[in-house]
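To keep things clear, I will list the structure first and then write my remarks on it.
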Amino acid sequence: MAKDAVLDFDNALELFEPVLGFEVHVELNTATKMFSAAGNPAHADNHDAAPNTLVAPVDMGLPGSLPVVNETAVRYSISLGLALGCSIARSSRFARKNYFYPDLGKNYQISQYDEPIAFEGEVQIELSDGTVIDVPIERAHMEEDAGKLTHVGGATGRIQGAEYSLVDYNRAGVPLVEIVTKPIFGADHRAPEVAKAYVAAIRDIVLALGISEARMERGNLRCDANVSLRPRVPAGEPAAPLGTRTETKNVNSLRSVERAVRYEIQRQAAILAGGGTIVQETRHWHEDTGRTSPGRPKSDADDYRYFPEPDLLPVVPSEELIEELRTALPEAPALRRRRLKSDWGFTDLEFQDVANGGLLAEVEATVAAGTSPGAARKWWTGEVSRLANARGVEASSLVAPASIAALQHLVDAGTLNDKLARQVLEGVIAGEGTPQEVIDARGLAVVSDDGPLIAAIDEALAAQPDVLEKIRDGKVQAAGAVIGAVMKAMRGQADAARVRELVLERAGGS
Amino acid sequence: MRHLGVLARIDLSDEEVQRLTGQLDAIVDNIAKVSEVATPDVPATSHPIPLHNVFRPDVVGRMLSREEVLQNAPDAADGRFRVTAILGEEQ
Amino acid sequence: MSELIRLSAADLAARLTAGEVSSVEVTQAHLDRIAAVDADVHAFLHVSDHALDIAADIDRRRGAGERLGALAGVPLAIKDVLVTTDMPSTSGSKILEGFLSPYDATVVARARAAGLVPLGKTNMDEFAMGSSTEHSAYGPTHNPWDLERIPGGSGGGSAAAVAAFEAPIALGSDTGGSIRQPAHVTGTVGLKPTYGGVSRFGAIALASSLDQVGPVSRTVLDSALLHDVIGGHDPHDSTSLTDVWPSFSEAARDGARGDVLKGLKIGVIRELPDSGFQQGVSACFRAALTLLESQGAEIVEVSAPHFEYGVAAYYLILPAEASSNLAKFDSVRFGLRVDVPGGTVEDVMARSRDVGFGDEVKRRIILGTYALSAGYYDAYYGSAQKVRTLIQRDFDTAFARVDVIATPSAPTTAFRLGEQLDDPLQMYLNDVTTIPVNLAGVPGISIPSGLAAEDGLPVGIQFIAPAREDARLYRVGAALEALLVDEWGGPLLDRAPLLREAR
Ligand SMILES: [Mg+2]
Ligand SMILES: [Zn+2]
């Protein structure tokens with residue numbers, strides 16, 4: 001595959017205005033599927049289900065099977081619509097979207113078309129410099145997920161070149177809400193950041209509602225990013241018409257959303273600046289290369305032949321239900337951020353560090369478990385994020401807030417020093433158990449008994465008589481060499497402050 | 001007609017295309033008369049007996065065993081349905 | 001030939017309850033009859049291996065003093081459109097040859113729970129598309145009145161099984177007349193319930209907004225008894241009504257006493273002129289009306305100006321829904337797979353569907369795909385849905401003035417096999433009087449009304465009632481049936497030629 005040319009990002013932005021749009025699919029964590037009473041793999045009870053063990057007749061399109069709507073999925077969808085600032089439709093209905101694909105048991109997807117459950121909303125997102133932007137929401141509709149394909153043979157496990165594919169219908173019928181934005185104008189240089197902040201905002205909202213685990217790496221939250229460019233015009237002239245857009249699929253982390261939008265702006269700009277035209281198509285994001293590749297062009301095959309789903313009836317939520325759900329809405333994430341910032345007493349920079357890392361919920365939970373806000377922040381934005389980056393995963397997926405709180409508790413109690421605590425964290429991440437279990441198994445606690453320390457200090461002082469001289473001459477900083485030797489001898493399992501006290505005491509000759 | 005065959009995933013032969021085209025023309029001529037009376041003021045009926053809000057409680061019910069899921073499979077491997085290479089991409 | 005096979009389900013039930021006969025004997029008698037005549041009739045696609053075991057179990061339970069359902073021990077034929085766990089379910093299609101459902105249709109589960117003994121699966125037009133059962137992938141069923149003629153369709157197998165005394169009662173399904181039109185041409189009884197009155201769960205969908213499962217029998221009471229077993233709310237079908245239904249068998253027994261006809265207002269539709277019907281069909285219809293009038297019924301002319309659009313609307317809605325419902329037959333999870341060497345899954349799907357579906361099915365899938373495709377939706381599917389509203393309004397207006405509407409059940413008596421096979425449009429017109437009933441979701445019944453003078457073949461009369469008034473149809477139907485049987489000196493089927501029994 002030839003490498004596409006890209007234009008420098010700043011150059012691209014000088015020439016063109018990017019227009020963004022997003023389709024975010026949220027898998028709901030109901031106990032059962034959208035249209036069947038089969039267990040939902042997006043629910044915590046079913047994460048480890050073997051292929052084709054969470055299947056009811058309708059999920060695999062068995063002859064004679066019929067769908068029945070999950071009431072909780074409807075409630076969740078209404079709550080999400082309300083949290084997105086949407087109006088809830090007085091009457092909403094399902095439609096069939098007809099297309100053949102092996103992961104689709106019925107060869108149509110039950111979705112919503114002309115009458116979605118929620119429409120016309122707005123989501124506030126906050127950028128790293130504190131700017132707040134309103135993203136306009138077109139609609140949020142209910143639908144079902146498709147099954148999962150595994151491509152076998154060929155080099156990459158990708159569809160191209162595969163010999164055959166295997167189909168698992170566990171995921172078929174998982175309740176989805178698809179959130180579609182209107183075109184987002186004016187993001188300009190911040191377009192990549194707007195993309196990331198928007199998806200993070202959706203994630204925060206569904207987490208606050210408790211309606212999805214929202215783990216992007218598991219596909220609970222999936223983003224399709226639409227990007228188009230239009231030429232800039234001198235001030236006062238009418239804006240150019242919208243350019244042809246591409247839809248980039250498979251963007252499955254916040255970081256990738258940001259990178260994919262940036263890349264697509266640069267790629268399209270290079271084509272347009274060279275006098276070319278953009279093809280309307282879906283594109284695929286490749287995490288490894290940081291590029292997108294062309295997928296399916298829009299064609300006649302996109303004739304989905306929508307029609308009202310005759311097996312299902314309209315959803316007509318009562319005013320009482322809508323009000324009940326509205327009253328039960330959790331604090332809006334934007335408001336919550338303001339509150340947390342003041343509760344924690346962070347500086348702007350400190351808070352943005354947490355917020356931009358998508359770690360508000362983690363820090364909040366860690367603080368709730370008894371850790372000081374400052375310590376919680378340091379763990380999550382520091383060591384945990386470092387380890388997560390190294391592994392290419394989200395920090396939140398690496399370790400539970402309770403473990404971080406337990407770790408910090410052990411540091412506060414003097415059982416661990418910082419270095420040991422980091423080792424314990426790695427043990428926890430490696431699945432060796434709770435911090436205490438890691439300590440026990442690895443024998444990592446700080447030596448709190450002075451006896452062995454004194455023996456080690458005396459040995460070190462005897463080995464470095466010149467240092468002893470210097471300390472006695474009042475050159476206290478010379479103690480560092482002895483302290484280092486002692487820590488080494490103790491293999492790090494000593495409290496450096498206590499060692500220092502003892503060194504000075506022993507060297508003082510008292 | 002070819003395009004309809006693609007949309008409907010039916011590999012029509014030339015003979016079938018020819019025959020169906022003729023028959024369909026006659027049928028379509030006949031059924032097109034619905035538009036004579038389908039004026040804008042008439043609402044559409046998609047369900048003969050109107051109902052709404054028919055829901056199921058979110059409680060796990062009977063599922064098929066994997067053996068039942070696969071019992072009619074033309075081909076299967078590793079507990080899953082097996083199909084030959086896929087050309088097109090997900091929608 | 002055992003005399004047991006000529007008994008109605010109600011009479012068999014009475015004898016079983018009284019202990020005069022066992023379910024094994026009754027079941028064996030019907031299996032023997034099937035063995036004797038079905039090579040000629042071809043009503044069955046599959047005969048159950050378990051029928052005698054199930055019958056024996058019913059006998060054992062009855063012997064142990066267990067309280068059983070009214071029809072316990074009575075054999076039942078099941079249209080192959082209904083999925084069953086112990087017999088293949090093909091819907092008359094090659095694409096589903098040998099398919100074994102891991103679950104039972106709700107109506108089948110209810111029949112089993114009530115102690116009915118499934119005898120086998122009956123033949124039908126492929127995926128219920130047709131009016132003659134000639135579109136079955138497994139060969140046509142023959143009309144017991146004349147083996148050279150069609151038994152109607154799509155449920156020709158169920159109607160012929162009952163008419164040929166191979167089963168006392170059967171399950172059918174009716175999307176545009178597939179229960180009532182076969183009843184008409186075979187001299188039997190069939191009722192399409194109010195939409196939502198009987199569960200569709202496990203009925204292989206043709207057109208979801210039109211399909212209803214219903215009873216097929218030789219007497220009105222038998223249909224009512226079976227309807228009592230299979231009807232009522234099913235949470236697995238979102239379109240299932242939650243109504244508490246009256247006892248249909250009580251309604252039929254009540255109707256047989258005849259007083260229901262006094263003052264009954266029967267509508268006849270002005271826009272269905274006699275000229276559209278075969279002479280003998282019209283004559284039987286008129287004679288039945290005269291007979292009803294003689295018992296105190298009042299015949300009232302009503303107008304249904306939109307009926308004439310019914311067939312057109314039906315042939316848009318049905319193919320559209322069917323094109324989507326039949327998309328699941330793609331060779332991935334079940335059904336026929338035809339490999340394409342070097343081909344992709346898309347090629348395999350398209351090839352399998354081309355080989356697996358018959359001409360009529362392909363014709364309708366293509367028509368439905370066209371009707372739904374972008375740019376045509378409003379003109380076709382959307383307009384057809386509006387015609388539905390207009391036909392419902394016609395019914396509403398008429399039922400403000402009359403209790404039931406009567407029509408001939410179909411325009412002609414049984415035509416010869418092959419006669420209309422090459423003329424789909426002509427074939428589609430066989431359902432002109434039954435289709436509006438499905439479009440409106442109201443119930444309709446067909447009962448035998450006589451033999452056409454010109455060909456000696458059976459003719460049926462259809463009664464239509466407002467939605468949810470299925471019981472009224474059993475009352476009126478049973479009343480007319482009693483009068484006619486009295487007039488004929490016995491059931492119409494007594495006049496059917498005897499079938500040659502194979503040794
Ligand atoms: Mg999309
Ligand atoms: Zn979607």
Side-chain angles (χ1 to χ4, degrees), chain A residues 35-37 52 55-70 93-110 113-114 147 149 151 159-160 162-169 172 300-315, chain C residues 81-83 89-91 96 99 101-106 108 127 199-205 207-211 234-240 317 320-321 323-335 345-346 348-350 353 368-377 381-382 385:
Chain A
F35 302 115
S36 86
N52 289 313
V55 180
V58 77
D59 304 318
M60 59 175 287
L62 275 177
S65 60
L66 293 171
V68 186
V69 176
N70 180 341
R93 64 176 171 180
F94 291 98
R96 291 189 187 174
K97 179 182 182 178
N98 294 286
Y99 65 94
F100 283 83
Y101 209 70
D103 62 4
L104 206 55
K106 305 180 292 298
N107 284 319
Y108 56 81
Q109 180 196 32
I110 306 179
Y113 182 53
D114 52 353
L149 291 170
H151 306 295
I159 191 164
Q160 294 90 356
E163 241 172 88
Y164 62 93
S165 302
L166 298 173
V167 202
D168 167 17
Y169 291 98
D300 288 354
D302 292 330
D303 185 348
Y304 294 124
R305 289 158 288 134
Y306 281 100
F307 71 103
E309 166 57 282
D311 287 328
L312 294 173
L313 296 142
V315 175
Chain C
V81 76
L82 297 164
V83 299
S89 308
T90 70
S91 209
L96 272 183
F99 173 76
S101 172
Y103 74 101
D104 271 329
T106 295
V108 171
F127 289 112
S199 170
R200 293 185 297 117
F201 185 66
I204 299 174
S208 311
S209 72
L210 299 164
D211 296 346
D234 177 13
H236 292 108
D237 174 1
S238 302
T239 60
S240 167
I317 293 169
E321 294 185 7
S323 70
S324 177
N325 283 331
L326 269 55
K328 60 173 65 77
F329 303 105
D330 64 358
S331 82
V332 173
R333 295 159 302 282
F334 40 75
V345 70
E346 287 87 346
V348 174
M349 283 184 183
R353 286 165 65 79
T369 304
Y370 172 69
L372 287 176
S373 53
Y376 297 101
Y377 179 91
Y381 191 77
Q385 299 279 39

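Chain naming here is simple, since letters A, B, ... match the order of the sequence lines and numbering starts at 1 in each.
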Check each atom of [X] against the heavy atoms of chain A and say whether the ones under 4.5 Å are side chain, backbone, both or neither.
X	answer
C:Phe201	both
C:Phe99	side chain
C:Pro102	side chain
C:Thr369	both

C:Tyr103 side chain to A:Ala56 backbone, donor-acceptor under 3.5 Å: no

Nearest 0.5 Å, please: how far is [atom2] in [Y] from [atom1] in [X]?
X	Y	atom1	atom2	answer
A:Leu312	C:Ser208	CG	OG	9.5 Å
A:Phe94	C:Ser238	CZ	OG	9.5 Å
A:Tyr108	C:Asn325	OH	CG	5.5 Å
A:Asp59	C:Arg333	CG	CZ	11.5 Å
C:Ile204	A:Ser65	CD1	OG	10.0 Å
A:Arg96	C:Ser323	CZ	OG	9.0 Å

Heavy-atom distance under 4.5 Å between the side chains of A:Phe307 and C:Ile317, does that happen here? no

For [X] against [Y], the heavy-atom pair lying closest together:
X	Y	answer
C:Ser373	A:Arg305	CA-CG, 3.7 Å
C:Lys328	A:Leu62	CE-O, 4.1 Å
A:Val68	C:Pro235	CG2-O, 3.5 Å

Below 4.5 Å from any heavy atom of chain C, which atoms of [X] appear? Answer side chain, backbone, both or neither.
X	value
A:Leu313	side chain
A:Pro102	both
A:Tyr306	backbone

Top contributor to chain A interface from C:Ser101, C:Ser209, C:Ala374 [non-hydrogen pairs under 4.5 Å]: C:Ala374

Between C:Leu372, C:Val83, C:Thr239, the one whose heavy-atom pairs under 4.5 Å with chain A are most numerous: C:Leu372

State whether the number of non-hydrogen atoms from other residues, nucleotides or ligands found under 6.0 Å of A:Tyr113 atom OH is greater than 12. no

If you tally heavy-atom pairs under 4.5 Å between each of A:Pro57, A:Gly105, A:Pro308 and chain C, the highest tally belongs to A:Gly105

